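Right, one structure below, let's go through it.
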Amino acid sequence: MPWLALSVEVEREWADALSDALIEAGAHSVSVEWPENQTNVLKALFAEHADADHALRAAVGASGARLRARIGIERVADEDWVRASQAQFAPFRVGRLWIGASWHPAPSDATAYVRIDPGLAFGTGSHPTTRLVLGFLERFVSGGERVLDYGCGSGILAIAAAKLGAGAIDAVDNDPQAVEVTRHNARDNRVNVAASLPQGLPPGRYDLVVANILAQPLIDLAPVLADRIRAGGRIALAGILEVQAEEVRASYSSTCDMTIADREEGWALVQGVRR
């Protein structure tokens with residue numbers, strides 16, 4: 001089936017924020033061309049009949065990004081998009097974790113490896129915000145924990161938690177396609193992850209809650225997510241620009257002891273402990 005690929009040029013400092021906002025606005029995936037240059041070209045994939053221009057306006061408004069140019073829209077076939085994504089994806093490590101695609105051989109010393117192939121729901125872990133949360137999981141999953149991944153996307157965080165030894169993992173996303181992709185990726189990685197829409201989340205509280213979304217949704221979700229953490233449990237929040245970190249931290253401070261724990265490439269990780 002053909003898709004619409006919207007291309008825009010943006011300053012490198014805004015590329016990640018705009019990528020996330022395009023996903024929130026309905027893009028199925030976003031890839032980055034010229035990632036080492038001062039300006040990046042983003043290609044966002046939309047369903048054939050989507051209003052890509054409206055989605056772009058919404059994403060620019062949500063992210064605050066300043067576009068250099070709107071390049072245009074073209075129709076692409078599934079296999080063309082997947083081939084381009086594969087060419088850009090390189091494996092990487094975060095502590096005990098090694099993340100790579102099915103065609104990458106895992107190193108012999110990898111103790112926990114996650115296989116994620118790029119595709120229509122592209123989320124391979126290479127984004128700085130994902131790496132920040134992977135680092136959190138690598139530090140705090142020691143075995144047997146109950147973990148919630150809220151806004152699971154491709155399921156990489158939930159799968160990583162399982163590979164590190166978590167005992168029970170729930171994954172939630174508003175997008176039904178993301179739920180299906182998470183289930184598929186969990187099967188491919190031979191781990192048990194219960195993926196569902198938010199209304200399908202079972203009752204109970206968790207030892208660890210992670211959410212890699214965007215700053216405003218995280219602020220809006222503060223009562224929901226905080227209520228899902230057991231006393232003494234931990235939460236990690238990402239998808240947050242450094243300039244937004246204090247506002248996110250403050251929105252959880254009535255129930256959790258929160259800190260701005262880590263930073264990478266202009267992004268921040270906000271984490272804390274439920275009182």
Side-chain angles (χ1 to χ4, degrees), residues 92-102 106 110-117 119 121-127 129-213 217-218 221 224-239 256 261 269-274:
F92 65 97
R93 299 191 74 150
V94 178
R96 292 172 286 161
L97 287 165
W98 178 89
I99 293 90
S102 58
T111 59
Y113 57 88
V114 178
R115 298 284 190 184
I116 300 287
D117 286 349
F122 189 74
T124 58
S126 56
H127 193 287
T129 64
T130 311
R131 292 197 300 266
L132 287 169
V133 186
L134 288 170
F136 169 88
L137 290 170
E138 202 274 336
R139 289 192 298 273
F140 292 111
V141 175
S142 56
E145 293 86 358
R146 189 182 187 202
V147 177
L148 171 61
D149 176 9
Y150 203 101
C152 55
S154 64
I156 185 170
L157 298 177
I159 294 166
K163 291 284 188 173
L164 290 167
I169 305 101
D170 289 318
V172 164
D173 203 288
N174 289 320
D175 183 350
Q177 186 188 23
V179 172
E180 288 305 314
V181 169
T182 293
R183 291 171 179 165
H184 172 81
N185 286 336
R187 287 193 298 269
D188 281 357
N189 281 273
R190 299 181 180 180
V191 295
N192 292 320
V193 172
S196 69
L197 297 171
Q199 57 267 33
L201 188 63
R205 293 186 172 182
Y206 296 83
D207 301 296
L208 300 173
V209 173
V210 296
N212 181 21
I213 317 176
L218 288 172
L221 284 165
V224 174
L225 296 183
D227 190 54
R228 284 291 187 165
I229 317 165
R230 67 164 178 82
R234 295 181 178 273
I235 185 169
L237 307 170
C256 303
L269 179 76
V270 176
Q271 71 180 56
V273 178
R274 182 73 154 86

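This one's a predicted model, so the numbers in the text were calculated from it and none came from an experiment.
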For residues V210 and F140, determine if any side-chain heavy atom of one lies less than 4.5 Å from a side-chain heavy atom of the other.
-> no
Closest non-hydrogen atoms of R274 and R205, given as atom of the first, atom of the second and distance, are NH2-NH2, 4.2 Å
Taking side chain as C-beta onward, heavy atoms only, is R139 less than 4.5 Å from Q271?
-> yes
Is E145 reaching over with its side chain to a backbone N or O of G143, donor-acceptor style, under 3.5 angstrom?
-> yes
Check the surroundings of atom CG in D227: do more than 12 heavy atoms from other residues, nucleotides or ligands lie under 6.0 Å from it?
-> yes
Nearest heavy-atom contact between K163 and V114 is CG-CG2, 4.0 Å
How close do A161 and V147 get, heavy atom to heavy atom, and via which atoms?
-> CB-CG1, 4.1 Å
Rounded distance [0.5 Å steps], CG in L157 versus CD1 in I169 = 11.5 Å
With rounding to the nearest 0.5 Å, note down the distance linking CG in L225 to CD1 in I213.
-> 6.5 Å
I116 versus I159: any side-chain heavy-atom pair under 4.5 Å?
-> yes
Find the distance between CG (L97) and CG (L137) and round it off to the nearest 0.5 Å.
-> 7.5 Å
Looking at side-chain heavy atoms only, is the closest gap between D149 and T182 below 4.5 Å?
-> no
Quick check: does any side chain N or O of R228 sit under 3.5 Å from a backbone N or O of Y206, one acting as donor and the other as acceptor?
-> no
Roughly how far, to the nearest 0.5 Å, is CG of N174 from OH of Y150?
-> 6.0 Å
Straight-line distance of I229 CD1 to R234 CZ, nearest 0.5 Å | 11.0 Å
Please tabulate, one pair per line, all N/O donor-acceptor pairs under 3.5 Å involving side-chain atoms of residues 189-203, not counting sequence neighbours.
{"residue": "N189", "atom": "OD1", "partner": "R115", "partner atom": "N", "Å": "2.7"}
{"residue": "N189", "atom": "ND2", "partner": "R115", "partner atom": "O", "Å": "2.8"}
{"residue": "N189", "atom": "ND2", "partner": "N185", "partner atom": "O", "Å": "2.8"}

Looking at side-chain heavy atoms only, is the closest gap between D170 and R146 below 4.5 Å?
-> yes
Which atom pair, heavy atoms only, marks the closest approach of L269 to A236?
-> CD1-CB, 4.1 Å
Please answer whether the main-chain N or O of C152 pairs with a side-chain N or O of D173 as donor and acceptor at a distance below 3.5 Å.
-> yes
About how many Å separate CG of N212 and CZ of F136, when rounded to the nearest 0.5 Å?
-> 12.5 Å
